Amino acid sequence: MQRILTIILVLLVTAPAVAIESDGGIDPALKAESKRRVDHIRDLYNYDKNDSLIIQAHEDLKFHSQHGLWENYYDTWLHLVNTYVFSGKVNTGLQEVKQMHKDAAERNDKYGLALANYAMGNAYINMGYTDEALQCYRKGLGHIHSLEKVPHVVNDVYSYYCDALNEQKNYGEMKKVTAQWRKFLEQQTSDGNKLNRVSYDVWWAYYYIACAQCDLGLGLLDDAEKDLDETDKRSEGSGEFIPMSVLYYRAQLYLQRKDYQKAIDFNDRRYQKSKGYDDKSSMVLIYKQRAEILDGLGRYQEAVQMYRNLHELKDSIYKRDARTQINELSALFHVNELEMEQRLTRSRNMMNTAVVIAIALALLVGYWYWMNRRLKRKNAELAEMSRQLTEKNEELTIALDHAGESDRMKTNFIKNVSHEIRTPLNILSGFSQMLAMPDADLPVEVRQEASLKIQENTNRITTLINQLLALSETNSRTHIERSDSLSVSMLCANAITMSGVADKPDYHFDFVMESVDDLVIQTSAHYATSALAHLLGNALKFTPSGGTVRLHCTLEDGFVKMTVEDTGCGVPADKAEDIFREFVQLDEFKDGVGIGLPLSRNVARRLGGDVVLDTSYTGGARFILTLPV
């Protein structure tokens, strides 16, 4: 929230926004009243008066609409959406911004479309949908630059756009975006815009922060240091956010240079400045950075403690966000709070799943309603639309189809996870109650069988949780240390044992090694074994009884090539990449949640190799795992 306040204050200093609609015929008294209302909304927004802003914004929207003051109309709507989004009510904000986008599209108002796409990007980035957010920011910039005179809100969009690209580590596109941003900032003086020195310097400071993020990501450390020096020069009068950002990125700079003492000095200064703010998200970055620095200094016990503090902080943030989401969903769907608390008390272990299901349902209902309204539009209206608007609607349809597919994947994932957990839980509950009956005189064989079933289903739940944790861990890492010397024969033997493929009497298992029997590779024993075991287990799952699973190991061009082949149902060639997306299952009736193949590929790529599907093989499925020697 600190950054948002800084940016909005800069906007207030830069004088009124660019007028998009004509002023002709509008009573000056009405324009003055409209401006007063917008200034009041900005004051409420800057000082977090959220409840008052929500009430006042709806009244002001009617006023601006009645008098045709569309610029102030969409400015007010933007503040309303951002209030919902940045106060944790992201689902409500997303519903609101869809209505805003629909309204602007019907009016063909480019300024309204620009703000709607910008606000929608903010909603998606807060939900963790970085790809969707980037698409919205791109569209928002396209609308803004198509205006006769570019408004200063473009600086907001560039800033958030660069943050999203930095999070995605897409530094190539980030270089291009910062170049566009610089061109706009240079035009602010060359075109004679009335922009005071403080506002001008603040936006240059945000620009140089984005450049520093990009250069640090690309490893251009000297360039990053120059960017931070420029930021310092421009930060006077900017508030606390920019200096605190500079401290963080200087610590990151020295961390990458392995000058750990300077890094921890800057980290200390950044940490001290954060004590006066309730910004736990920023503290997560500071804690993580500090733990890495302590590890580099060899202060391992302190590093371990910092990682523990980081875990506790993330857990605190998660609980806070979960409570906010539950409260929002209760308001949206009129769920009785007492009933919700009773459900939480009865089944706290299922809380995460319930929250995800409710959010997915809310998004599904919103998208269904929006699509239904689109289908009811008259054909005559579609014929009268301009070519440009038709093209934009087609682009929006593609984005919505993508979102709908994401919702379907999430729904299937939730359903599968619920099944995978609920079934063994029911078995555990039944057998536990049977064993706990005081008057039950059960034979020893029955008790042993019950104990075996309890152990099997406990292992089933544990395996699922371990897979989810492993997927989350690999997604959060850019590479895996190859610190183990492991023979290929031992790697294959461990994977075969882990998958159990050789222990199935109803299947044929062939294992062939060519010229790699004594070969030793440098890798991570745990992760490499896990990747191969997942492929073997996947082959076993999709091969019918009596079928064959083969493992063939060879050496090609400095890589160990491990081919896992089966005689099962196979994979269509057009789905060769879809199966590596997280939570995708081509056969929804099979056990699992669709994370084995994505996990194997993620691990292989972070070890310097890859996992691909050989589409030329038609006798079943053939997956090829490669690892560097």
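Note that these values count all heavy atoms, side chains included, but never hydrogens, waters or copies made by symmetry. Note that the structure is a prediction, hence the values are computed from the model and not measured.
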Assess whether salt bridge (Lys or Arg N to Asp or Glu O under 4.0 Å) is satisfied between Arg234 and Asp229, documenting all intermediate values. CA-CA 9 Å; Arg234 311 266 186 169; Asp229 291 341; over 6 Å; no
Within this structure, what is the SG-CD1 distance for the pair Cys214 and Ile209, rounded to the nearest 0.5 Å? 14.0 Å
I would like to know whether Asn50 and Leu44 meet side chain to side chain contact (heavy atoms under 4.5 Å, CB included); could you show each step before the answer? CA-CA 7 Å; Asn50 296 339; Leu44 294 174; over 6 Å; no
Report yes or no: do Glu312 and Tyr287 form a side-chain donor-acceptor pair below 3.5 Å? no
Is the shortest side-chain heavy-atom distance between Lys233 and Tyr208 below 4.5 Å? no
Minimum heavy-atom separation for Ala123 and Leu94, please, with both atom names. CB-CD1, 4.0 Å
CG of Asn82 to OH of Tyr45: how many Å apart, nearest 0.5 Å? 4.0 Å
Is the shortest side-chain heavy-atom distance between Met562 and Thr626 below 4.5 Å? no
Got a donor-acceptor contact below 3.5 angstrom from the Asp484 side chain to the Ala525 backbone? yes
Taking atom types as modelled, is there a side-chain donor on Glu481 or Ser524 under 3.5 Å from an acceptor on the other? no
Atom NZ of Lys288 with >12 non-hydrogen neighbours under 6.0 angstrom: no
Looking at every heavy atom in both Ala303 and Ala291, which two are closest together, and how far apart are they? CB-O, 3.7 Å
Answer yes or no for Arg270 and Tyr248: cation-pi contact, defined as NZ/CZ to six-membered ring centre under 6.0 Å and angle to ring axis within 45°. no
Whether Tyr118 and Tyr137 hold their rings parallel, tilted or perpendicular, with breakpoints at 30° and 60°: tilted
Can you tell me how the ring of Trp203 sits relative to the ring of Tyr206, calling it parallel under 30°, perpendicular over 60° and tilted otherwise? tilted
Gap between atom CE of Met127 and atom CD of Glu132 - 0.5 Å precision: 9.5 Å
Donor-acceptor pair, distance only, cut-off 3.5 Å: does the side chain of Asn538 make one with the backbone of His534? no
Check the pair Leu80, Glu96 against side chain to side chain contact (heavy atoms under 4.5 Å, CB included), reporting the backbone distance first and the verdict last. CA-CA 8 Å; Leu80 177 61; Glu96 192 72 37; 3.8 Å; yes
Report yes or no: do Asn309 and Gln305 form a side-chain donor-acceptor pair below 3.5 Å? yes
Below 4.5 Å, heavy atoms only, C-beta onward: do Leu220 and Glu225 meet side chain to side chain? no
Step by step, would you call Asp265 with Arg250 a salt bridge (Lys or Arg N to Asp or Glu O under 4.0 Å)? CA-CA 10 Å; Asp265 290 342; Arg250 285 200 187 278; over 6 Å; no
Apply salt bridge (Lys or Arg N to Asp or Glu O under 4.0 Å) to Asp268 and list each qualifying residue two or more places apart in sequence or on a separate chain. Arg290
Shortest non-hydrogen pair, Cys162 vs Met174, comes out as O-CE, 3.5 Å
Any sub-3.5 Å donor-acceptor pair from Arg606's side-chain atoms to Ile480's backbone N or O? no
Could you grab the distance from atom CD of Glu173 to atom CD of Gln168, nearest 0.5 Å is fine? 8.0 Å
Checking Leu625 against Ser600 for the side chain to side chain contact (heavy atoms under 4.5 Å, CB included) test, could you report, in this order, the C-alpha distance in whole Å, the side-chain angles of both residues, the deciding distance, and whether it holds? CA-CA 9 Å; Leu625 166 64; Ser600 294; over 6 Å; no
Once rounded to the nearest 0.5 Å, what's the spacing between atom CD1 of Ile521 and atom CE of Met490? 12.5 Å
The reported gap from CD in Glu302 to CD1 in Ile264 (rounded to nearest 0.5 angstrom) is 7.0 Å
Between the side chains of Tyr249 and Gln213, does any donor sit under 3.5 Å from an acceptor? yes
Is atom CG of Asp259 surrounded by more than 12 heavy atoms (other residues, nucleotides or ligands) closer than 6.0 Å? yes
Under the side chain to side chain contact (heavy atoms under 4.5 Å, CB included) rule, what do Thr83 and Lys89 come out as? Steps first, then yes or no, please. CA-CA 8 Å; Thr83 295; Lys89 299 178 180 179; over 6 Å; no
So do the side chains of Val304 and Tyr307 get within less than 4.5 Å of each other, counting heavy atoms only? no
So, for Leu221 and Leu216, which heavy atoms are closest and what is the spacing to 0.1 Å? CD2-CD2, 4.0 Å
Is the closest side-chain heavy-atom distance between Arg182 and Trp204 below 4.5 Å? yes
Are the side chains of Ile54 and Tyr84 in contact, using a 4.5 Å heavy-atom criterion? yes
Are side-chain heavy atoms of Glu167 and Ile125 found at a separation under 4.5 Å? yes
Could you list the residues that satisfy ring-ring contact (aromatic ring centres under 6.0 Å, His included) with Tyr254, not counting sequence neighbours? Phe266
Heavy atoms of Ala116 and Val97 approach each other most closely as O-CG2, 3.4 Å
Is the shortest heavy-atom distance from the side chain of Phe559 to the side chain of Leu627 under 4.5 Å? no
Taking Lys175 first and then Asp215, would you say they form a salt bridge - that is, a charged N and a carboxylate O separated by under 4.0 Å? yes
Closest non-hydrogen contact found for Ser499 with Leu536 is OG-CB, 3.6 Å
